[in-house]
Structure formats: C-alpha cells, structure tokens
Amino acid sequence: MADNSPDGSQAIALSPCNTDKNLRVTLQVGERRFTTLRDTLTSESVYFAARLSGRWNDTDEDGSYFIDADPELFEHILRYLRSGNFPVFFDAGTQTFDHAKYLSLLGEARYFGIPKLEEWIEKERYLNVVQIKKSIIDINSQGSAYIDKTVRANTRVDFLTTWCTKQVYVCPRKILSHHGDQTRCGRACEKERARAGGGVTFEQQPVLRTVITETEMSFNLAACMGDEYCE
C-alpha cells in the first residue's frame, strides 16, 4: 500500500555489502510512494532482483527509487509480491471479469519480470476463481404462484414477467366448468357441437408468464491463492 505518512526514515541506496532482505525500500511510482522490504520485491521479480542487486546506485536524493509506471496497477503488483495471492477483478453486479484491467496488468507483470503472475493472466486462470450456477423456473399459469424461499447472500434472484397466449378449449354449451378441459363435456355437449357443425372450438387466452432465475456465485479461494496454479 502507499506510504502516505512517512515516519522520517529514508530508504538507503543498496551496495554490494548492503543487501539485507529486511531492508526497507521506498519506491516513487508515478505520483505515489510505496514502502516495502527488499526481499518482497526481489522474491519473484526479475526486474527488482537486478535493480536492487547493488550493482547500480540510481536512487533519488531522498533515497527512493523512481519507477515510471501506473501506480494503480503497481499497487496490484506489490500486493501480489507481498501475499502471493493472484488479483481478482470481478464485478458481482454484472457477473463479469475486467478483462481490460487484466490485460493492462499483464503488461506490468512482463515489465517487472514476474513469470508466475504473467502466465496466470495469459492462460486466464482467473476464470476458475468464480463459479456461477444458474437455476431457471418457468411459471406459466392462469393462477398465481406464491414463492417463499430463503436464499444465501451469494445468491441473486431475478424475476421476469411477460404476457403470452395459449389455446384454451371452449365448451359448445358454454359451461364454465368445462372451459379448458374437453374431457368434462358429455353427450349433451357433443350433440350441441354436432348441431353447430362438428368442429372443436378453441380461443386464445392471455397468460402471465413468470421466469425466475437464481444465480449462485461461489469463489474458489484456492485458485486465487495459487494452490491450483499447476494444472
């Protein structure tokens, strides 16, 4: 994280005899400053392993190292180097990954020489972090449906209602209890149908259709913590 409140101590330039892994290093990345340990930076980054090897003395007057990079992206680089956990750029509202941000971070991973992070993004292993399960219920009824269900906090329920039509049987004697069910009609109904010409009559009836979609999201923590890095 950015060092917005320095305690007055300064990072010192590294020399061949001053490469203590616990040495604090201050980085000026764009307009932001970051303070971390030398060992954190050099553990996986080829770039920092070379720059902090003590072979060069390219610090600024205050002892910090200037890096011409995007500080917002570098924040994710540093967070990865500190924890070893891969970044997850996922929007639960739209249920999509921020592929553009991953593409930008891939460029930074290549620049700073972090092969493990680079390969994780290139092979889109972040897609294994979030699992989405959808359940769809289609209610098409003349009556109403009452749903009383408790869902977990990681489940989103969406309702979509539309009007449609369906063909409904019409009794030739106009008996309401026979409406929609031809098997209820007896001989009297058949005689009336024959008298009217013998055809079975249907009518278009509007029906309210409700589609309920349940979306359950679960996170595979092992995938972003590197435990499933190797296939």
Side-chain angles (χ1 to χ4, degrees), residues 1-5 11 14 19-30 32-53 64-65 67-135 150-158 213-231:
M1 57 189 295
D3 183 16
N4 296 320
S5 57
L14 294 173
T19 56
D20 182 3
K21 66 179 183 179
N22 294 320
L23 179 70
R24 290 204 314 170
V25 178
T26 299
L27 307 174
Q28 180 71 43
V29 184
R32 292 177 59 185
R33 293 175 75 86
F34 298 84
T35 300
T36 186
L37 299 179
R38 176 188 178 278
D39 190 52
T40 298
L41 297 173
T42 60
S43 58
E44 290 192 44
S45 170
V46 176
Y47 171 91
F48 284 114
R51 188 166 182 183
L52 303 181
S53 64
S64 64
Y65 290 84
I67 299 176
D68 189 13
D70 186 336
E72 292 187 7
L73 290 174
F74 184 78
E75 184 175 348
H76 297 290
I77 293 290
L78 182 57
R79 183 178 291 120
Y80 167 76
L81 292 175
R82 282 172 169 165
S83 66
N85 297 334
F86 296 107
V88 180
F89 306 138
F90 181 77
D91 188 326
T94 60
Q95 298 175 14
T96 57
F97 287 91
D98 192 338
H99 295 282
K101 194 169 185 177
Y102 274 117
L103 184 61
S104 298
L105 189 63
L106 176 60
E108 299 298 295
R110 289 172 175 169
Y111 178 79
F112 291 108
I114 310 175
K116 191 175 179 180
L117 178 59
E118 180 181 344
E119 183 179 353
W120 192 79
I121 298 175
E122 279 184 337
K123 294 190 175 181
E124 296 184 335
R125 288 199 173 101
Y126 51 85
L127 297 177
N128 298 325
V129 175
V130 182
Q131 298 173 342
I132 299 177
K133 178 182 178 182
K134 286 184 178 290
S135 300
T150 301
V151 297
R152 299 176 63 185
N154 65 334
T155 302
R156 191 179 76 183
V157 180
D158 297 302
T213 304
E214 289 187 5
T215 304
E216 181 180 353
M217 291 176 288
S218 59
F219 290 86
N220 182 3
L221 297 180
C224 58
M225 294 177 68
D227 294 345
E228 295 186 357
Y229 172 72
C230 296
E231 295 180 344

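The figures that follow rest on heavy atoms only: side chains count, while hydrogens, waters and symmetry mates do not.
If you take CZ on Phe90 and OG1 on Thr96, they are separated by 7.0 Å, rounding to the nearest 0.5 Å. Asp158 contributes atom CG, which lies 10.0 Å from atom CD of Glu214 (distance to the nearest 0.5 angstrom). Of the inter-residue distances, the one linking Asp68 atom CG with Gln28 atom CD reads 11.0 Å to the nearest 0.5 angstrom. Atoms OG1 and OH, on Thr26 and Tyr65 in that order, are 10.0 Å from each other to the nearest 0.5 Å. Rounding to the nearest 0.5 Å gives a distance of 10.5 Å between OG of Ser43 and CZ of Arg38. Going from atom CG of Asn220 over to atom CE of Met225 covers 11.0 Å, rounded to the nearest 0.5 Å.
Looking at His76 and Glu108, their side chains never come closer than 4.5 Å, going by heavy atoms from C-beta outward. Looking at heavy atoms from C-beta onward, Tyr80 lies in side-chain contact with Lys116 at the 4.5 angstrom threshold. Considering only heavy atoms from C-beta on, Thr40 stays 4.5 Å or farther from Phe48 through its side chain. No side-chain heavy atom of Tyr111 sits under 4.5 Å from any side-chain heavy atom of Leu73. The closest side-chain heavy-atom distance from Val129 to Phe86 is not below 4.5 Å. Contact annotation: the side chain of Thr215 approaches that of Ile132 to within less than 4.5 Å [non-hydrogen atoms, C-beta and beyond]. Side-chain contact between Leu105 and Ile77: present, with at least one pair of heavy atoms (C-beta onward) separated by less than 4.5 Å. Residues Leu78 and Leu27 have side chains not in contact (no heavy-atom distance under 4.5 Å, counting atoms from C-beta outward).
Side-chain atoms of Ser45 come within 3.5 Å of backbone atoms of Phe112 as a donor-acceptor pair (strictly under, hydrogens ignored). Judged by distance alone, with hydrogens and angles left aside, the side-chain atoms of Glu119 form no donor-acceptor pair with the main-chain N or O of Ile121 at under 3.5 Å.
Ion pair Lys133/Glu216 not flagged as a salt bridge, since none of the NZ, NE, NH1 or NH2 atoms sits closer than 4.0 Å to an Asp/Glu carboxylate oxygen. Here Glu72 does not pair with Lys101 in a salt bridge; the nearest charged N to carboxylate O distance is not below 4.0 Å.
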Given the rule in the side-chain contact (heavy atoms from CB on, under 4.5 Å) test, do Phe97 and Glu124 qualify, once you have shown the distances and angles that lead to the verdict?
CA-CA 10 Å; Phe97 287 91; Glu124 296 184 335; over 6 Å; no
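Between Tyr102 and Phe89, a ring centre-to-centre spacing shorter than 6.0 Å is recorded.
The side-chain contact (heavy atoms from CB on, under 4.5 Å) test with Tyr47 is passed by exactly one of Leu52, Ile114, Ile67, Thr42: Ile67.
Thr36 is linked by a side-chain hydrogen bond (donor to acceptor under 3.5 Å, both in side chains) to nothing, counting only residues two or more places apart in sequence or in another chain.
Heavy-atom minimum distance, Arg156 versus Ala92: NH1-O, 4.3 Å.
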